[in-house]
Amino acid sequence: MPEDLNSLGDARRQVATVVGEVVAQPGMFAGAVTVVEATPGIGKTSAELSALSGSSVRAAFTLPTLALAGEVIAEAARRGLRGSYVEGHNEANCRRIDVVRRLREQWLPIASFACGTKDSPRCPYRTGCTWWAQFEDNAQVIVGSTDQLFNPSFLSGRELIIVDDPRPAAFLDEERFSLEDLPSPEETPRGSLRRLVEVVRAALKRAEDGHLTGAEVWDGLWRAARREGRDLSDLIRGSGTALRMKPDAAADLDTILAQPWQRLRPLAQVLGEELPAFLSGRDFNSYLSYNACAIALTRPRALPSRRGLGQATILWLDATPNWPLLRSIIGTRKLRHHVVAVLSAPGVQLTQDLRLRTAKTSMRKPENLRQVQRALTTISNGPGPSDGVIVYTEQREAMVDTGFLTKNIETWGRARGTNRLEHVDRLFVVGRPQPPLREVIWPLAEALFHDDEKPIDGDLGYAWRRFEGQEWEGNFLSFEDARAEEVLKAHREAEVYQAVHRARLVSRTTPLEVHLLEPIPIPGLRIEKLEFDDTRPSENERRHQDAFARIDVAIAELKSEGVRPSQRLVCQRAKVSAATYTKYTKTKRKENRGQGMPPRDCD
Amino acid sequence: MRRELELELNRRGLDVERAIAFGFRSVPRTKAATAGIMAVLRGLEGVEALRQTGLYDSSGIPNAANTDGFVIPARDENGRITGILYRLYHHEPKYLLPRGTRLQSVYLVAGEPGPERSLVLVEGPLKAYAASEQGGIWAFGVNGHALQHGHLETIARLEPFEVLLALDEDANARTLKARERWTRRLHGEGFVVRRLTWEGLELGGPKGIDDAYQCGALVRVRRLTRAMPELQPPRPRRVGSAHA
């Protein structure tokens with residue numbers, strides 16, 4: 001979220017220059033990743049399509065969703081560009097989708113195992129296959145969702161790869177093995193692999209005390225193996241030999257699919273890869289985490305590097321680059337980074353309201369939800385057709401009840417990249433994405449910084465952060481480890497920033513009001529009006545006030561009973577500690593000092 | 001040194017010559033032996049100072065008379081003696097301290113700081129000495145769980161890059177509490193704190209770090225993650241007001 005601000009015209013020219021440069025001569029930037037970090041709404045996609053329409057470069061173009069890919073194809077056609085649209089395997093384009101799904105579960109490549117080639121097909125429908133026909137179309141621009149970046153067929157033969165507002169989840173391999181998902185002993189071949197699965201099961205069953213992350217996962221597995229009388233390193237080495245070898249693509253497909261334990265291959269790979277680090281005795285970052293329900297594996301995916309794709313020219317346009325993820329993807333490629341930021345258009349006003357309880361769990365309480373609904377109705381004077389809202393999926397219906405049009409309601413997780421709210425004159429942003437910090441963000445940070453020598457610390461603390469454009473700062477729960485905090489911001493603050501810009505703040509010609517009903521300061525969003533209740537006591541203050549009131553009552557009662565209110569008696573009756581009582585007496589002394597009254601009546 | 005001490009050192013896998021050089025010594029087992037030593041001591045200068053340390057009680061008899069054991073000098077990083085511990089073979093408590101000992105001035109530093117400057121904090125000077133000898137670590141032993149302010153000052157003076165807690169691996173509630181307390185105090189002083197772990201008593205393994213090294217257990221460094229802080233409602237303040 002950049003800070004140096006330009007006029008919209010200047011920003012558009014800057015983006016057009018950078019994009020034009022890469023599109024004109026992609027060979028000059030082979031093996032490099034050009035990242036253009038530009039405020040949403042500048043017109044990045046238009047700049048790309050304009051540059052492509054004036055050249056003959058064959059490009060692969062990815063967007064966060066298929067819906068947006070469809071919009072880009074339509075826009076490309078209007079500009080005279082011949083583009084084709086690529087979808088993943090589905091019922092409409094693949095006649096053996098069930099086989100594809102089962103192979104995917106086993107982490108086996110679809111093309112070599114299910115399809116084969118035209119000359120030596122493994123699928124009876126390979127000739128005339130609709131899915132493969134998508135790549136045979138000789139269009140100048142091939143468009144797909146972010147997931148297609150990992151499909152060599154999509155990228156093959158393309159001089160330029162354009163990544164527009166990528167969907168971060170597409171860059172991660174995530175696999176979760178619950179107790180039910182793990183193959184049963186009967187389904188697993190005898191030997192080390194079967195015993196390894198038993199050890200994993202035993203470890204999960206003992207993980208009742210929470211979520212284990214990093215090297216502690218290994219301690220849990222190691223101890224489970226010890227309890228079973230096994231040596232984990234022997235089991236991993238023994239089962240790895242079988243699992244790390246992919247089945248022969250020429251083998252009978254039914255035989256391969258009848259081996260459910262094949263899906264353990266990524267787990268065995270990771271165990272084999274991390275075993276030396278564990279045996280070294282040092283602390284390390286792990287791709288694994290587990291709790292009583294499941295063992296999870298999270299790894300960044302590597303871009304295809306075969307068939308010359310490692311030297312492909314990549315143009316990456318993103319308003320909020322997820323740098324930890326991006327760095328892991330870029331790897332050894334050269335990085336060129338351009339920042340283009342724009343001031344919001346005149347007439348755009350941002351208000352942030354800290355008074356409402358809009359956390360996901362708070363909103364589940366009817367009284368909090370009603371309060372939010374009341375606030376939305378009061379501010380908007382009853383939502384109209386030009387009012388939009390971004391909210392948690394669970395509260396979608398409640399927003400319809402509040403009076404918002406269904407088309408004007410977006411939900412967290414689906415708001416990125418959409419243009420459906422660009423027409424609204426008033427946008428309400430309720431809450432924020434709330435990825436679980438210890439269970440999701442910490443393991444993700446471990447995966448993204450896996451090879452760092454210093455392990456990620458999961459400690460959390462309160463840190464003060466300023467509201468941009470205000471002389472106020474707020475105290476918010478943050479990771480003490482800067483790397484984990486960077487990952488958290490990429491998944492929370494960046495998403496809110498993207499969501500607010502769905503109303504196209506920089507290119508508006510009409511006034512716009514944005515109401516942020518959530519308390520976290522968002523970098524890059526300049527707040528004109530900050531609303532909060534300065535007089536509301538904090539939780540600690542409220543507890544103190546309660547305790548002081550109980551002490552007052554206890555002293556009065558003791559006096560009325562004719563008993564001298566000693567510290568011991570007051571503490572017993574008011575159920576307060578001696579420390580709280582001392583604070584009470586000090587406070588009373590301070591209060592009475594001005595009045596010349598010795599506060600001796602209670603000790 | 002008597003045969004019992006030699007056996008004890010052998011049992012712990014320690015080199016006898018090095019232990020003697022460090023200052024391990026048997027204590028008199030009988031009153032007669034004590035009297036003999038006292039007779040020799042009386043002829044030496046400084047015996048009064050020795051008496052004042054409380055190594056002997058007022059009648060010149062060790063606190064646990066007729067109980068066999070040995071003494072261990074707790075030495076600082078320069079080899080200076082910071083205190084004396086009396087280890088008993090068949091007696092509870094196992095350790096006695098000289099009368100008048102101030103716990104915060106008793107500690108043992110053993111081994112050399114490697115390039116990583118990881119200081120291993122151990123419960124017990126003997127354990128620290130043994131762990132350092134067997135694991136080649138830089139160890140700091142305090143008496144039992146008594147990590148005191150003076151120890152924290154000494155640790156700060158040693159300038160470790162990180163402090164590794166190596167309390168006994170057993171399901172003992174006192175040890176767990178001590179680990180929490182030590183972590184809190186060390187964090188409070190700004191140290192990077194981690195812990196050492198191994199398969200301990202619960203899994204039929206060694207309890208102490210010295211035994212873990214002796215039997216070749218896989219000793220591992222792990223993070224110490226604090227509990228989630230209590231959630232607070234947002235309470236904005238003016239920028240810079242904390243410094244006003």
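The sequence lines fix the lettering, A, B, ..., with proteins before strands; numbering per chain opens at 1. Both backbone and side-chain heavy atoms feed into the values below; hydrogens, waters and symmetry mates do not.
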Report task. Go through the atoms of B:L196 and report whether side chain, backbone, both or neither lie under 4.5 Å from a heavy atom of chain A. Result -> neither
Query raised in the report: Does A:R483 pair with A:D481 as a salt bridge, N-O distance under 4.0 Å?
Result: yes
Query - NZ/NE/NH1/NH2 to OD/OE distance under 4.0 Å, B:E202 and A:R206 - result: yes
Query - Residue among A:W218, A:F476, A:F467, A:F278 with most heavy-atom pairs under 4.5 Å to chain B - result: A:F278
Requested in this report: Report yes if the side chains of B:V71 and B:F24 come closer than 4.5 Å at any heavy-atom pair, otherwise no.
Outcome: no
Report task. Return yes if some donor-acceptor pair links the side-chain N/O of A:Q352 with the main-chain N/O of A:E518 below 3.5 Å, else return no. Result -> yes
Report task. Please flag which part of A:L477 lies under 4.5 Å from any non-hydrogen atom of chain B: side chain, backbone, both or neither. Result -> side chain
Query raised in the report: Is the closest basic N to carboxylate O distance between A:R223 and B:E199 below 4.0 Å?
Result: yes
Requested in this report: Under 4.5 Å heavy-atom distance to chain B, tell me which part of A:I520 shows up: side chain, backbone, both or neither.
Outcome: neither
Report task. Quick one: sort the B:F140 and B:H151 rings into parallel, tilted or perpendicular, breaks at 30° and 60°. Result -> perpendicular
Report task. Answer with side chain, backbone, both or neither: which region of B:L218 has an atom nearer than 4.5 Å to a non-hydrogen atom of chain A? Result -> side chain
Report summary line: In terms of heavy-atom pairs under 4.5 Å with chain A, the winner among B:V219, B:T197, B:T225 is B:T225
Query raised in the report: Do you know which of A:T213, A:L530, A:I456 has the most heavy-atom pairs under 4.5 Å to chain B?
Result: A:I456
Requested in this report: Tell me, for A:P519 versus chain B, whether the close heavy atoms (under 4.5 Å) come from the side chain, the backbone, both or neither.
Outcome: side chain
Report task. Taking the six-membered ring of B:Y95 (Phe, Tyr or Trp), confirm whether the NZ or CZ of B:R87 is under 6.0 Å from its centre and within 45° of its axis. Result -> yes
Query raised in the report: Which region of A:R227, side chain (C-beta onward) or backbone (N, CA, C, O), has a non-hydrogen atom less than 4.5 Å from a non-hydrogen atom of chain B, or is it both or neither?
Result: both
